[in-house]
Chemist: 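Sharing a structure, written as structure tokens. Questions coming.
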Amino acid sequence: MGGTTESRQRVWHRHFEGTKAMIFVFDSGSTLARRRLAKLEFCRLIQNQDLKEAIILILANKQDAPHAISASTIREKLADWPSLQNRTWHVVGTCANASTGDGGSGLDEAMAWLTDHYATK
């Protein structure tokens, strides 16, 4: 669901009905202001009625960035969120930088988790 411009956000909801899985890509190396915006958007998404049954995979991307927030820190912060209680969700640290030559670290783990949990949905 890429893109954070308001014009894109206004049409996202049209694609939510029947959604069984959601991947939220979080820029772990972004500025505090951008992380706050991402948090607000994530909150809006998980409150959406059409996404209530969807499993959630969070990609904590840019783990190679200086001062990146680790996947475990994100996991700890989300563990107490009431809106995630009784939901199936997971956080995976990724580095989707094609220049690494390996196609991106963490992506295989993330897709394996999604495949395993999507199959049981």
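This one's a predicted model, so the numbers in the text were calculated from it and none came from an experiment.
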Chemist: Please answer whether the main-chain N or O of Gly29 pairs with a side-chain N or O of Gln63 as donor and acceptor at a distance below 3.5 Å.
Modeler: no

Chemist: So, the side chain of Arg75 versus the backbone of Ser70: is there a donor-acceptor pair under 3.5 Å, distance only?
Modeler: no

Chemist: Would you say the side-chain atoms of Glu41 pair up with the backbone N or O of Arg36, donor to acceptor, closer than 3.5 Å?
Modeler: no

Chemist: Please report the interatomic distance OG1(Thr88) to OH(Tyr118), rounded to the nearest 0.5 Å.
Modeler: 13.5 Å

Chemist: Hey, does Met111 have a side-chain heavy atom less than 4.5 Å from the side chain of Leu57?
Modeler: yes

Chemist: If we ignore hydrogens and angles and just use 3.5 Å, is the side chain of Glu53 paired with the main-chain N or O of Asp50 as donor and acceptor?
Modeler: no

Chemist: Atom NZ of Lys62 and atom CD1 of Ile69: how far apart are they, to the nearest 0.5 Å?
Modeler: 13.0 Å

Chemist: Do the side chain of Thr94 and the main chain of Ser105 share a donor and acceptor less than 3.5 angstrom apart?
Modeler: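 A pair under 3.5 Å: no.
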
Chemist: Quick check: closest heavy atoms across Ile74 and Ala60, and the distance to 0.1 Å?
Modeler: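 Reported closest heavy-atom pair: CD1-CB, 3.6 Å.
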
Chemist: Quick check for you: to the nearest 0.5 Å, what is the distance between Asn61 atom CG and Leu107 atom CG?
Modeler: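 Nearest 0.5 Å value for the CG-CG distance: 7.5 Å.
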
Chemist: In this structure, would Ile46 and Leu37 fall into the same cluster of hydrophobic residues linked by side-chain contacts under 4.5 Å?
Modeler: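 No, because Ile46 and Leu37 fall into different hydrophobic clusters, even though each may have its own neighbours under 4.5 Å.
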
Chemist: What heavy-atom pair brings Gly93 and Ala71 nearest, and what distance separates the two atoms?
Modeler: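 The answer is N-CB, 3.4 Å.
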
Chemist: With a 3.5 Å distance limit and no angle check, can you tell me whether Arg35 reaches the backbone of Ser30 through a side-chain donor-acceptor pair?
Modeler: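 At least one qualifying donor-acceptor pair exists.
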
Chemist: Is the closest side-chain heavy-atom distance between Val91 and Leu59 below 4.5 Å?
Modeler: no

Chemist: Does Trp81 have any side chain to side chain donor-acceptor pair (under 3.5 Å) partners at least two apart in sequence or in another chain, and if so, which?
Modeler: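 Trp81 satisfies side chain to side chain donor-acceptor pair (under 3.5 Å) with no other residue.
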
Chemist: For the atom pair NZ (Lys39) and NZ (Lys77), what is the distance rounded to the nearest 0.5 Å?
Modeler: 8.0 Å

Chemist: Can you tell if the side chain of Glu109 reaches within under 4.5 Å of the side chain of His90, non-hydrogen atoms only?
Modeler: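 Sidechains of His90 and Glu109: in contact.
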
Chemist: When you compare the side chain of Asp108 with that of Trp113, does any pair of heavy atoms fall below 4.5 Å?
Modeler: no

Chemist: Mind checking the NZ-CG spacing from Lys52 to Asn86? Nearest 0.5 Å is all I need.
Modeler: 11.0 Å

Chemist: Can you find a pair of side-chain heavy atoms, one from Leu45 and one from Met22, that are under 4.5 Å apart?
Modeler: yes

Chemist: Quick one: pull up CD1 in Ile23 and CD1 in Ile58 and give me the separation to the nearest 0.5 Å.
Modeler: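 It is 11.5 Å, given to the nearest 0.5 Å.
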
